[in-house]
2 protein chains.
Amino acid sequence: MSMPVAGERPAAVCCAPLGTGAIGEEEARATAEVFKALGDPHRVRIVSLLAATEDAVCVCDLTPALGISQPTVSHHLKKLLTAGLIVREQRGTWSYYSLDREAIERLAVIADLTEVAR
Amino acid sequence: MSMPVAGERPAAVCCAPLGTGAIGEEEARATAEVFKALGDPHRVRIVSLLAATEDAVCVCDLTPALGISQPTVSHHLKKLLTAGLIVREQRGTWSYYSLDREAIERLAVIADLTEVAR
DNA sequence: TTCTTGTATCGATGAACGTCGATGTAGCCG
DNA sequence: CGGCTACATCGACGTTCATCGATACAAGAA
């Protein structure tokens, strides 16, 4: 166990009422996990491609669009899948992926720090 | 056979960064750069701490709040600074950091895929 | 069954990242 | 001036990541 104190300091010297609205370590790690999933150009393009259509897209379409090898595409899709940003749907031999609209909406809320900050 | 048919969408939207069909590689890289800056728990906490107050916060307050060494804090601050998410202000010996509200707002717009995706 | 196709996984490699101690630098005060 | 403080930079180490070729797996076709 670590000791996430963080809010028990007098903060005497400088200023700053630190810790008044800050999130905990666990929440920070979960949030960073989602952002990290989007911290790659190819994954951003995948999300962009999935957001451009309402239908699901199969890997056979994503691979030539991204210009990278098929194992790498699967690797990125798994990252997004683990982060809960996309969903997988198997149709016979093909794997179809689509955006998890709800997750994206949560992401938008997370990113909107101005609301919390004001 | 696989046909790259997914990228032929009109995407009749007004001004959606991630939703307008296939975004370019350059734009994807720039977007991923911002997300990557937030893809670390400590940096998420820094942003959260800065968002919790309207005033600027100096490093001497951030370091004990995060529980990591001072060089590491400076490292993370530089990452956020390079990404354009925070701004630096020097007051004598102290360095004060604060959120770039405009950048956060842009981030929220980027992350808001629901509007275009729906 | 065997053959073929579409995906996921494995293994390896090179690059990028987070972390810290040591050091450098700039500003304040006695 | 010297000494101290707050922060940035450097150097190194261990970890994680993105990438690809090779391979395993699953499902349909012959």
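Reminder, nothing fancy here: chain letters follow the sequence lines and each chain counts from 1.
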A:His75 or A:Thr93, whichever maps to the more 5' nucleotide of DNA chain C
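Result: A:Thr93.
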Whole Å only: how far is the [atom1] atom of [X] from the [atom2] atom of [N]?
{"X": "A:Ile68", "N": "D:dA18", "atom1": "CD1", "atom2": "P", "value": "11 Å"}
{"X": "A:Arg91", "N": "D:dA26", "atom1": "CZ", "atom2": "C1'", "value": "18 Å"}
{"X": "B:Glu89", "N": "D:dC7", "atom1": "CD", "atom2": "C1'", "value": "15 Å"}
{"X": "A:His76", "N": "D:dC20", "atom1": "NE2", "atom2": "C1'", "value": "11 Å"}
{"X": "B:Leu77", "N": "C:dT19", "atom1": "CG", "atom2": "P", "value": "12 Å"}
{"X": "B:Leu38", "N": "C:dG18", "atom1": "CG", "atom2": "P", "value": "12 Å"}
{"X": "A:Glu33", "N": "D:dC17", "atom1": "CD", "atom2": "C1'", "value": "13 Å"}
{"X": "B:Ile86", "N": "D:dA8", "atom1": "CD1", "atom2": "C1'", "value": "14 Å"}

Distance check: side-chain N/O of [X] vs OP1/OP2 of [N], anything under 4.0 Å?
{"X": "A:Arg43", "N": "D:dA18", "result": "yes"}
{"X": "B:Tyr97", "N": "D:dA6", "result": "no"}
{"X": "B:Arg88", "N": "D:dA8", "result": "yes"}
{"X": "B:Ser74", "N": "D:dC7", "result": "no"}
{"X": "A:Lys78", "N": "C:dT9", "result": "yes"}

Counting distance only, does the side-chain N/O of B:Thr82 pair as donor-acceptor with the main-chain N or O of B:Lys78 below 3.5 Å?
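Pair found, side chain donor or acceptor close to backbone of B:Lys78.
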Under 3.5 Å, side chain of A:Thr31 to main-chain N/O of A:Glu27, donor-acceptor pair present?
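Judged by distance alone, yes, a pair lies under 3.5 Å.
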Select base, sugar-phosphate, or nothing to describe what A:Thr72 touches, counting heavy atoms under 4.0 Å on all strands.
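If one applies the 4.0 Å heavy-atom cut-off, A:Thr72 turns out to touch a base.
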Given the structure, check if the side chain of A:Gln90 and the base of D:dA26 hold any donor-acceptor pair shorter than 3.5 Å.
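Counting by modelled atom types and ignoring angles, no donor-acceptor contact under 3.5 Å is found here.
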If each of A:His42 and B:Val59 is mapped to the nucleotide of DNA chain D with the nearest heavy atom, which maps nearer the 5' terminus, i.e. the 5' end?
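Per heavy-atom nearest nucleotide, the more 5' residue is B:Val59.
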Considering only [options], which nucleotide approaches the side chain of [X] most closely?
{"X": "A:Lys79", "options": "C:dT7, D:dT19, D:dC17", "answer": "D:dC17"}
{"X": "A:Asp40", "options": "D:dT19, C:dG6, C:dG18", "answer": "D:dT19"}
{"X": "B:Pro71", "options": "D:dA18, C:dG21, C:dT19", "answer": "C:dG21"}
{"X": "A:Lys36", "options": "C:dT5, D:dC20, D:dC17", "answer": "D:dC17"}
{"X": "A:Ser69", "options": "D:dC20, C:dT19, D:dT19", "answer": "D:dC20"}
{"X": "B:Gln70", "options": "D:dC7, C:dA8, C:dT19", "answer": "D:dC7"}

Are the side chains of B:Val59 and B:Tyr97 in touch, meaning some heavy atoms are under 4.5 Å apart?
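A side-chain contact exists here, since the closest heavy-atom pair is under 4.5 Å.
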Side chain to side chain, A:Leu49 and A:Leu66, heavy atoms closer than 4.5 Å:
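Contact flag for A:Leu49/A:Leu66 side chains = yes.
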Decide, yes or no, whether a salt bridge links A:Arg91 with A:Glu89 under the criterion of side-chain N to carboxylate O below 4.0 Å.
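Yes, A:Arg91 and A:Glu89 are salt-bridged.
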Taking every non-hydrogen atom, the tightest pair across B:Ala37 and B:Arg43:
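Heavy atoms only, the tightest pair is O-NE, 2.6 Å.
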